[in-house]
K.L.:
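First, the structure itself, so that you have it in front of you.
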2 protein chains.
Amino acid sequence: MLDSSPTAAPEPPSLAERIRHEMAHFTLSEKRAAHVLLSHYPFAGLDTVAEFAARAGISAPSVLRFVTRMGFAGFPDFQKHLREELEAQLLSPLAKSDPIERGSGAPALRSFAEAVIANIQATVENIAPAEFEAVVALLSDLRRPVHFTGGRFTGAVARYAESHFRIVRGGVSLMESQPALWRDRMIEIGRRDVVVAFDIRRYQEDVIALSETAAAQGATVVLLTDPWLSPIARVAKHVLPAHVAAPSNWDSSAGLLLLTEALVAATTKRLWETARPRMEAVERLRDSERN
Amino acid sequence: MLDSSPTAAPEPPSLAERIRHEMAHFTLSEKRAAHVLLSHYPFAGLDTVAEFAARAGISAPSVLRFVTRMGFAGFPDFQKHLREELEAQLLSPLAKSDPIERGSGAPALRSFAEAVIANIQATVENIAPAEFEAVVALLSDLRRPVHFTGGRFTGAVARYAESHFRIVRGGVSLMESQPALWRDRMIEIGRRDVVVAFDIRRYQEDVIALSETAAAQGATVVLLTDPWLSPIARVAKHVLPAHVAAPSNWDSSAGLLLLTEALVAATTKRLWETARPRMEAVERLRDSERN
DNA sequence: CCCGCTTTGAAATTTTTGGTACAGCTTTAT
DNA sequence: ATAAAGCTGTACCAAAAATTTCAAAGCGGG
């Protein structure tokens with residue numbers, strides 16, 4: 001991944017690269033302009049000055065100063081450059097696709113991103129379609145209450161899942177993994193309930209205990225874990241493993257998040273008839289609260 | 001966000017196709033305009049009317065008549081359409097660049113993963129290395145207390161960040177975004193403090209209020225947001241935008257998670273001398289608790 | 001805490017651009 | 001051959017865009 005590419009492109013540094021490089025010396029407004037431009041590169045720059053300024057939340061003169069600072073004679077000159085760059089890029093099939101553009105991004109960030117992408121690909125390829133669909137079906141069953149739980153890091157993913165499913169359907173809850181917090185709630189858990197547990201390496205005693213107890217009560221347990229499989233797998237009806245390796249002292253939860261988001265998306269789609277009015281109602285409540 | 005259909009709309013015929021189709025009924029100058037446009041599609045149309053007319057060897061009014069005939073309100077409207085078409089075309093091939101092996105995984109999961117990968121690539125390419133490094137430096141400064149906050153969905157990411165940084169360094173806290181929960185804590189926030197805010201589309205009033213208040217107190221605000229930039233960007237010292245588009249009714253936070261994890265990894269590395277004993281101490285505590 | 005320097009945006013100004021009216025030319029039908 | 005219909009371009013106008021000016025606001029250094 002670390003390239004000393006034999007065919008180092010002799011290309012002049014693209015404007016985007018130059019901006020990234022000089023970002024540190026920009027003033028606040030210039031940074032805003034730069035961010036907006038980079039985020040929608042190069043389309044944010046193809047509109048009018050006024051439009052660009054509005055998108056960046058700065059004034060038109062600041063935009064002008066920004067393009068002048070980058071060495072252009074004026075805004076039209078700047079736009080012309082963008083168009084030419086775009087045209088050149090679109091004509092050469094090399095420029096697009098492939099891994100992340102050489103030299104872009106902070107090195108640490110880039111290598112991390114590459115690891116995460118590899119994780120995601122590996123995760124997708126290892127999930128059995130039927131298993132994924134079965135979990136979607138389970139989560140789409142409105143008669144079944146759903147409970148999410150996770151460990152000290154994965155707990156955040158559980159919360160993320162809960163905050164979405166709560167809007168799509170009813171009967172959703174978040175269970176903290178400390179036994180003190182779920183012991184008494186366990187009396188309510190039965191055959192109808194679904195427990196979705198997130199648990200990865202350094203598998204956490206309390207999450208395991210919670211899942212096993214729930215399973216013993218007859219609940220259906222869904223487990224999202226790493227490829228080594230949490231012990232919860234023994235009591236789980238469905239297991240979705242995600243790759244978590246990262247160039248870090250910590251594991252990456254991106255694969256788990258991917259699965260979570262994909263489950264949310266698929267469930268929302270499947271429940272669209274009932275989810276839609278529900279989501280609209282939530283929006284209305286939020287809007288009215290705002291006043 | 002509430003779309004009437006859970007799936008993406010079927011593509012409308014591109015302008016180029018429409019032109020080819022109607023070419024037969026065009027007048028002579030219209031044909032010339034069409035020909036020039038198609039041969040350098042769509043860049044020939046992105047210049048001025050005069051430029052376009054000159055290239056086609058016709059007069060400006062003829063160009064105007066041409067675009068009107070194609071159903072556009074005027075030349076700017078026509079250009080806007082070209083840009084949008086171009087943007088859509090340029091973004092989609094990214095996801096297909098390194099397609100996940102055909103036939104693997106559930107279809108819904110696979111397409112979602114492709115979108116997430118595209119997001120991650122776009123996110124990494126748009127982050128200025130200096131900006132990323134500056135944030136790492138900020139988070140590595142042990143004299144500065146760090147507070148994380150986020151909205152209803154991004155709050156989970158804030159919590160994820162907090163649960164990691166808490167172990168790497170001291171002086172870390174999680175601030176719930178409801179004003180009632182942070183109003184009184186704000187008295188403690190000053191120039192030394194760092195507030196890391198997560199806020200994406202449907203930017204949340206209370207997160208904005210929290211950030212603005214903190215900034216007014218002199219705190220340094222770091223913002224992780226979407227490419228449209230939360231209003232918090234106005235008061236933020238550093239902004240890290242992440243792409244969030246997904247084939248879903250919901251946005252994807254994978255890019256935000258990527259940035260978060262990369263920040264954690266980089267900070268851990270940078271603080272290794274002090275983080276290492278600290279992490280070991282945490283582990284010892286956990287082990288002893290287990291008995 | 002205050003002063004000087006830098007940055008920023010509102011408003012005025014200038015330039016460019018898109019749009020329109022109209023007259024001449026070409027073509028076609030009778 | 002001639003009149004009618006339809007294109008096309010020149011010249012002009014209106015609109016919008018880019019740019020400059022200037023005063024206020026913010027920031028950093030002493």
Side-chain angles (χ1 to χ4, degrees), chain A residues 22-37 43-83, chain B residues 22-37 42-83 134 190-192 211-221 229 231-239:
Chain A
E22 293 192 37
M23 180 75 81
H25 317 304
F26 286 165
T27 72
L28 241 74
S29 323
E30 285 169 344
K31 273 190 198 169
R32 265 179 218 135
H35 272 126
V36 168
L37 178 59
F43 300 96
L46 293 179
D47 264 306
T48 66
V49 171
E51 182 76 18
F52 189 176
R55 278 220 242 181
I58 60 181
S59 70
S62 293
V63 172
L64 271 297
R65 281 188 282 261
F66 170 68
V67 302
T68 306
R69 200 176 201 290
M70 293 310 297
F72 297 99
F75 199 75
D77 185 36
F78 163 73
Q79 289 190 317
K80 190 176 165 213
H81 177 91
L82 289 182
R83 283 198 304 264
Chain B
E22 293 191 38
M23 183 73 86
H25 318 123
F26 286 162
T27 73
L28 198 63
S29 12
E30 283 170 345
K31 273 186 195 167
R32 281 193 203 161
H35 196 257
V36 167
L37 179 58
F43 300 98
L46 293 179
D47 265 308
T48 65
V49 172
E51 182 76 18
F52 190 179
R55 278 217 241 181
I58 60 179
S59 71
S62 294
V63 172
L64 271 297
R65 283 187 279 261
F66 169 67
V67 302
T68 307
R69 197 175 202 287
M70 293 311 297
F72 297 99
F75 199 73
D77 185 36
F78 164 72
Q79 289 191 317
K80 189 174 166 221
H81 177 91
L82 288 181
R83 284 198 304 265
R191 311 195 89 83
R192 307 172 64 85
S211 303
E212 287 176 344
T213 307
Q217 306 256 30
T220 301
V221 175
L229 302 192
I232 296 173
R234 179 169 300 283
V235 299
K237 182 85 175 290
H238 302 290
V239 179

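Throughout, protein chains are lettered first and strands after them, A, B, ... in sequence-line order, and every chain is numbered starting at 1.
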K.L.:
Whole angstroms only, please: what is the CG-C1' distance between B/Leu64 and D/dA16?
P.N.:
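It is 14 Å, rounded to the nearest whole Å.
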K.L.:
Would you say a side-chain N or O of B/Thr27 is under 4.0 Å from OP1 or OP2 of D/dT8?
P.N.:
yes
K.L.:
Describe, in one word, how the ring planes of B/Phe52 and B/Phe78 are oriented to each other, choosing from parallel (under 30°), tilted (30 to 60°) and perpendicular (over 60°).
P.N.:
parallel
K.L.:
Send over the distance from A/Ile58 CD1 to D/dT19 P, rounded to a whole Å.
P.N.:
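About 14 Å, once rounded to whole Å.
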K.L.:
Roughly, in whole Å, what's the span from CD in B/Glu51 to C1' in C/dG18?
P.N.:
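Checked: the CD to C1' distance equals 15 Å.
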K.L.:
Using whole Å, report how far CZ of B/Phe72 lies from P of C/dG19.
P.N.:
13 Å
K.L.:
Report yes if at least one side-chain N or O of B/Ser62 is closer than 4.0 Å to OP1 or OP2 of D/dG9; otherwise report no.
P.N.:
yes
K.L.:
Side chains of B/Arg65 and B/Pro61: does their closest heavy-atom pair fall under 4.5 Å?
P.N.:
yes
K.L.:
C/dG9, D/dA17, D/dG9: which one has an atom nearest the side-chain heavy atoms of B/Ser59?
P.N.:
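Taking heavy atoms from C-beta onward, the closest nucleotide is D/dG9.
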K.L.:
To the nearest Å, give me how far apart CZ (A/Arg69) and C1' (C/dT7) are.
P.N.:
11 Å
K.L.:
For B/Ala134, does its backbone N or O pair with a side-chain atom of B/His238 as donor and acceptor, under 3.5 Å?
P.N.:
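No, the answer is negative, given that no donor and acceptor are paired below the 3.5 Å cut-off.
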K.L.:
Atom CD of A/Glu30 to atom P of C/dG9: distance rounded to whole Å?
P.N.:
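The distance from CD of A/Glu30 to P of C/dG9 comes to 11 Å, rounded to the nearest Å.
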K.L.:
Can you tell me the distance, in whole Å, between the CZ atom of B/Arg65 and the C1' atom of C/dG18?
P.N.:
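Nearest whole value for this atom pair: 13 Å.
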K.L.:
Tell me whether the count of non-hydrogen atoms from other residues, nucleotides or ligands lying under 6.0 Å of NE2 in A/His81 goes above 12.
P.N.:
yes
K.L.:
Check every atom of C/dT17, D/dG9, C/dT8 against the side chain of B/Thr48 and return the nucleotide holding the closest atom.
P.N.:
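Shortest atom-to-atom distance from the side chain points to C/dT17.
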K.L.:
Report the distance from atom CZ of B/Phe52 to atom C1' of C/dT17, rounded to the nearest whole Å.
P.N.:
16 Å
K.L.:
From the set D/dA18, D/dT10, D/dT8, return the single nucleotide nearest to any side-chain atom of A/Phe75.
P.N.:
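Nearest to the side chain of A/Phe75 among the choices is D/dA18.
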